[in-house]
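Structure first, then comments.
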Number of protein chains: 2
Amino acid sequence: MSDLGEAADIEDGKRPEGCGGRPAAGEDPVKREQILDGAHRVFMRMGFDASSMNDITREAGVSKGTLYVYFRNKEDLFAAIIQRQKSKIFEKLREILEEDRPLAEVLHDFGTAFTTHLLSETAIRGQRIVIGVIDRMPELASTFFQTGTNTGPVMLCNFLEKQVARGRLKPIEDPMMISRQFGDLCMAGLYRPRLFGEMREPPSAERIEKNVASAVRLFLGGYGAGGA
Amino acid sequence: MSDLGEAADIEDGKRPEGCGGRPAAGEDPVKREQILDGAHRVFMRMGFDASSMNDITREAGVSKGTLYVYFRNKEDLFAAIIQRQKSKIFEKLREILEEDRPLAEVLHDFGTAFTTHLLSETAIRGQRIVIGVIDRMPELASTFFQTGTNTGPVMLCNFLEKQVARGRLKPIEDPMMISRQFGDLCMAGLYRPRLFGEMREPPSAERIEKNVASAVRLFLGGYGAGGA
DNA sequence: GAGTAATCGAACCGACGGGTTCGAAATAAA
DNA sequence: TTTATTTCGAACCCGTCGGTTCGATTACTC
C-alpha cells in the first residue's frame, strides 16, 4: 500500500551532474523529489491541517516561490506524496505467493508480511492523515485505499483462484470476500487499537505471528478441508 | 461506543420551566446541551479543523461570549462532545448476551448489532474525526476507543467466560483475543472500505448478515467444537 | 418596579494561514 | 562575458482563525 513511509526512487533518473541542459522551471526531478521528501516529513509529523506551507518550505530547503512553481497548492502537493509511492511491500507479497509451498505456510508468511506492514508506524500515520482529509479529498482517499490497503487481499484472491484452477483447492464461492476476511483476521484485535493510538507502538513480531497463526488455523479449519 | 451520533439526554434534568433560580453563568444545563448539540452537528459535518467557533456559534444559536463561558476552548468543547455519549448500542448488546439461546444465534445477533452500529454513517464519521485529531488529543482518542469501539468485545469476552464457567463451552485460552477476533471478523472486508470512504454508504442489512453469518460459521468451526 | 446577573452581539485583537510578487542572486548556455 | 532563466527570500495580501472585550439587552429575584 501507499504507506507514506519509504524514500522515493526518482523515476526519471537523477540528472547525471550537468549533462543535459538546465531543467525548465518546475521540471527538475531532483528538486521535485527534494520538495516531496521535505513535505512528506512535515505531513507525517503534523498531519495535513497543522502543516503549513512555510513549514514545508523550511524542511525542504526550498523557497516558497519555487514550491509553488512545482505544485499548484497544498492539496496537490499532498496528493503527489500519496500517489508517489507504490510500496515495496507488494513485491514481497508477490514473492511469497509465488513460492510453491504448503498452503498453511504461504498464508502464514503472507499474513505476517501484510500485517506487519499495515501496522507499522509509518503506514498507520499515513492512514490516519488520509482519513483525516477524507471530506476534502474523497477521491484521494479512495485511490489510497484501492492502490494501497486493498491490494494485499486482491493479490491473495488471485492466488486462491489460481490454486482452485490447479485443483489444489476446492472451489471457493466468493474468493475476494474470503481474502478480505483473511487479511482482516490477521490484524484482528490489533488494527483499531493501533489506528486509535491505544497501542502506541507496533506489536512485536511474536505478537503478530501469534495473531496470524491463529488466523491461519481458524481459516483452514473453516475453509481448508479441500486443499494443499 | 461513543458514536457521536445520537441526541443527548440531559442528565441533570432540564429545569422544569422556572422552578429553581436562574442558573449561574455557564451552568445552565439546557444551554449547555444546546451548545453541545450545535457543535456536534458542525463537527460532524466538517471535521475538527474545518469547523470554526463562529460556525458553532451560529449553529447553536448562542453568542460567542456565552460559548466561551461554557467551554474554555475548542478542544474542550470537542472533548465534551466525545465524552457526553455512552451510546445506547451497549444496552442492546447486553440484552442479546443475556438471552438464553444457542451460541450460534447469540453470536449472530451480537455480531449483527455490533457491526451495523460501527459501520453506520454517524459512527464512521465520529471515528474519522477522532482519528484526525489523534496527534493533538491522543488521550481523547484513547478514551474514545476504550469506552467505545472496544466495549463490544469486552462484553463478549465476559459472556464467553461465563459460558465456560457454566460448562457450556470448553475452556478458552485467551477469551479477549477471541472476542476481538470475532468482532473484527464480523466486519471483515467492510470496516476499512467504510472508513476510507471507498464504500459511501453503510452496507445493507443483508450484506452485513451475510458477513456475520460467515464469521459465525468460521468461528464455530474453529472454536466451537466443545460447546453450546 | 428596582436591582442584579446572564446573555447577546458586534467589534476587535494578534497570529497565522495559503498564496503572490519582485528584485537580487545564482547558474548555465552562448 | 554576456545573456537568459531558474531560484531565492523576504515582504506583502487578504482572509480567517481562536479568543477577548464591553456596552446593550434580556430575564429573573426581591
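Order of the sequence lines fixes the chain letters, A, B, ..., with proteins taken first and strands second; residue numbering starts at 1 for each chain. Bear in mind that the values here come from a model prediction, so they are computed numbers and not experimental data.
A cation-pi arrangement is absent between A:Arg136 and A:Phe48 under the rule of less than 6.0 angstrom and at most 45 degrees off the ring axis.
Spacing between atom CZ of B:Phe43 and atom P of D:dG18 amounts to 8 Å, rounded to whole angstrom units. Spacing between atom CD of B:Glu75 and atom P of D:dG19 amounts to 8 Å, rounded to whole angstrom units. Note: NZ (B:Lys74) to P (C:dC16) measures 16 Å, nearest angstrom. Between B:Asn54 atom CG and C:dA11 atom C1' there is a gap of 12 Å when expressed in whole angstrom units. The distance from atom CZ of A:Arg136 to atom P of C:dG18 is 11 Å, rounded to the nearest whole Å. Taking atom CD1 of residue B:Ile35 and atom C1' of nucleotide C:dT7, one finds them 11 Å apart after rounding to whole Å. If you take CG of B:Leu77 and C1' of D:dG18, they are 12 Å apart, rounded to a whole angstrom. Atom CZ in B:Phe48 sits roughly 12 Å away from atom C1' in D:dC17 (whole-Å rounding).
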Annotated protein contacts, base or backbone, on nucleotides 20-25 of chain D with a non-hydrogen cut-off under 4.0 Å, one of B, S, - each: B-----
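Checking A:Ser52 against A:Asp55 by side-chain atom types alone, a donor-acceptor pair falls below 3.5 Å. In this structure, a donor-acceptor pair under 3.5 Å is absent between the side chains of A:Arg58 and A:Asn54.
A salt bridge is defined here as a Lys NZ or Arg NE, NH1 or NH2 lying under 4.0 Å from an Asp or Glu carboxylate O, and B:Arg194 with B:Glu121 meets this definition. Taking a cutoff of 4.0 Å between a charged side-chain nitrogen and a carboxylate oxygen, A:Glu91 and A:Arg94 qualify as a salt bridge.
Contact check for B:Arg84 versus B:Asp37: side-chain heavy atoms found under the 4.5 Å cut-off. Residues B:Ile35 and B:Leu77 form a side-chain contact, since some pair of their non-hydrogen atoms from C-beta on lies under 4.5 Å apart.
The shortest distance between the side-chain N/O atoms of B:Ser63 and the OP1/OP2 oxygens of C:dC8 is below 4.0 Å. Side-chain nitrogen and oxygen atoms of A:Thr66 include at least one within less than 4.0 Å of the OP1 or OP2 phosphate oxygen of D:dC8.
Backbone-only engagement by A:Ser51 is indicated by non-hydrogen atom pairs under 4.0 Å involving sugar-phosphate atoms exclusively.
Closest to the side chain of B:Lys31, out of D:dC17, C:dG18, C:dC8, is C:dC8. Which of D:dT7, D:dG18, C:dG17 sits closest to the side chain of A:Ser52 comes down to C:dG17.
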